[in-house]
Amino acid sequence: MSADLSDELYRATVGRMMESHAARILQLASVCGASLAHAPTAPWLRFLGGHTRELTDLFAELSTRYETVTAAPLAPPSLERREDHAPPLPRTWPESLAALLVAGRQLRWQLHEHDLCSYAPYRDFVARAVASLDARHARLDAAFAELRDAPDGADAHAHLAHALDAWMLWAAESFGRPNTPGMAYSIRVGLRRRDAGATWSDLLEDLRAMARATTVPLPPQWMPEPERPSFLAALHAITRESIPHD
């Protein structure tokens with residue numbers, strides 16, 4: 001379906017979509033800014049500074065696009081109330097890594113859900129924003145190995161796991177409520193592809209894959225339960241155990 005900004009409901013929905021994305025971009029930029037004080041090396045300081053600059057550029061571009069749709073400015077003070085339920089900004093490097101990982105991937109998957117957006121001017125923005133986030137996220141992988149190999153690696157990982165749990169609790173609600181009339185309308189008019197529940201599943205599987213492949217200590221409650229053996233397999237196991245062996 002093509003865009004129809006002359007339709008009041010469609011235009012208002014596009015505006016709310018942009019506000020939601022702007023709030024998440026601003027939050028991630030705030031996390032980067034707070035993490036500067038905890039950067040363990042100069043390269044990490046440069047990484048965080050560059051990431052903050054990219055995010056603020058994205059916010060500025062989104063603000064311009066928002067004004068063409070709503071004829072109103074988009075500024076950080078108008079979005080502050082959206083972050084009421086986010087965890088506190090990082091106070092240590094492990095907390096910074098947890099926040100950067102989860103908030104960054106949450107934003108990535110939230111934006112990716114709109115990669116085929118029926119409002120065509122937004123598709124290019126989404127593609128470039130997702131590519132930028134993916135490139136930054138790839139660098140974060142090394143940080144977890146560095147943290148593990150540090151002299152206080154065990155304590156740092158425990159601290160990291162606690163912070164990951166807090167940010168995962170936030171992320172579980174950050175995509176919005178599933179199966180709402182507004183969500184159904186956005187899907188119907190092509191502004192997004194799927195319901196919020198599917199986007200959350202993508203994020204969860206992404207982080208689970210990272211936890212399996214790296215040293216990211218994702219808390220057990222966010223990992224899938226072990227597959228249970230079938231009743232027949234369990235019965236065979238019991239039978240084998242009951243047979244006496246010489």
Side-chain angles (χ1 to χ4, degrees), residues 24-25 27-52 54-55 83-113 130 132-175 196-229:
R24 293 291 172 252
I25 292 170
Q27 182 182 38
L28 185 55
S30 298
V31 167
C32 286
S35 299
L36 286 169
H38 313 302
T41 64
W44 275 114
L45 188 69
R46 189 179 305 113
F47 171 88
L48 293 168
H51 198 5
T52 304
E54 287 179 355
L55 291 166
E83 310 309 329
D84 289 346
H85 302 294
L89 290 175
R91 294 161 295 185
T92 65
W93 183 235
E95 286 183 6
S96 295
L97 290 179
L100 289 166
L101 174 66
V102 179
R105 297 314 278 178
Q106 188 282 333
L107 174 60
R108 188 263 184 212
W109 284 109
Q110 184 179 15
L111 287 168
H112 181 66
E113 198 59 42
V130 168
S132 173
L133 289 165
D134 283 345
R136 288 288 174 182
H137 184 72
R139 175 65 182 92
L140 283 171
D141 292 353
F144 298 103
E146 294 170 5
L147 196 68
R148 177 199 61 203
D149 297 336
D152 59 345
D155 290 341
H157 258 222
H159 195 186
L160 176 61
H162 178 77
L164 280 171
D165 194 33
W167 280 94
M168 288 294 291
L169 287 169
W170 163 81
E173 301 178 357
S174 63
F175 293 108
T199 318
W200 160 245
S201 295
D202 283 344
L203 171 64
L204 194 54
E205 285 307 311
D206 187 7
L207 292 174
R208 285 170 172 172
M210 282 195 64
R212 297 185 190 103
T214 69
T215 59
V216 177
L218 197 65
Q221 73 181 80
W222 302 109
M223 297 297 287
E225 293 184 4
E227 293 186 9
R228 296 178 180 177

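All values derive from a computational prediction rather than experimental measurement. Note that the numbering runs from 1 along the sequence shown for the chain.
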field: Counterpart residues, side chain to side chain contact (heavy atoms under 4.5 Å, CB included), relative to P88 (two or more places apart)
entry: none

Interatomic spacing from CG in L218 to CE in M223 - rounded to 0.5 Å: 6.0 Å

task: Apply salt bridge (Lys or Arg N to Asp or Glu O under 4.0 Å) to E173 and list each qualifying residue two or more places apart in sequence or on a separate chain.
output: none

field: Distance (rounded to the nearest 0.5 Å) between L55 CG and S132 OG
entry: 7.0 Å

field: Non-neighbouring partners of R139 that pass side chain to side chain contact (heavy atoms under 4.5 Å, CB included), sequence neighbours left out
entry: W44, F47, A142, E146

- prompt: Does the H51 side chain pair with the main chain of C32, one donor and one acceptor, at a distance under 3.5 Å?
  reply: no

query: Closest heavy-atom contact between L203 and A171?
result: CD2-CB, 3.9 Å

statement: Nearest heavy-atom approach of W170 to P87 is CB-CD, 3.7 Å

field: Any side-chain heavy-atom pair of L207 and L164 under 4.5 Å
entry: no

Name each donor-acceptor pair under 3.5 Å that joins a side chain in residues 100-107 to protein atoms two or more places apart or in another chain, with its distance.
from, atom 1, to, atom 2, distance (Å)
R105, NE, D206, OD2, 2.9
R105, NH1, D134, OD1, 3.3
R105, NH2, D206, OD2, 2.9
Q106, NE2, Q110, OE1, 3.3
Q106, NE2, S174, OG, 3.2

query: So, for R208 and W222, which heavy atoms are closest and what is the spacing to 0.1 Å?
result: NE-O, 2.7 Å

- request: Answer yes or no: is there a side-chain heavy-atom contact under 4.5 Å between R136 and L48?
  value: no

- prompt: Quick one: NE2 on H162 to CG on L160, what's the gap to the nearest 0.5 Å?
  reply: 11.0 Å

- line: Here the gap from E54 atom CD to L28 atom CG, rounded to the nearest 0.5 Å, amounts to 10.5 Å

field: Heavy-atom closest pair, residues S35 and P90
entry: OG-CG, 3.9 Å

- request: Describe, in one word, how the ring planes of W200 and F175 are oriented to each other, choosing from parallel (under 30°), tilted (30 to 60°) and perpendicular (over 60°).
  value: tilted

message: Taking side chain to side chain donor-acceptor pair (under 3.5 Å) as the definition, give me every residue that meets it alongside T199, ordered by chain and number, with sequence neighbours left out.
response: E113, R192

task: Kindly write out the residues that satisfy side chain to side chain contact (heavy atoms under 4.5 Å, CB included) with S201, not counting sequence neighbours, or none if the list is empty.
output: none

- prompt: How many angstroms lie between atom CZ of R91 and atom NE2 of H38, to the nearest 0.5 angstrom?
  reply: 9.0 Å

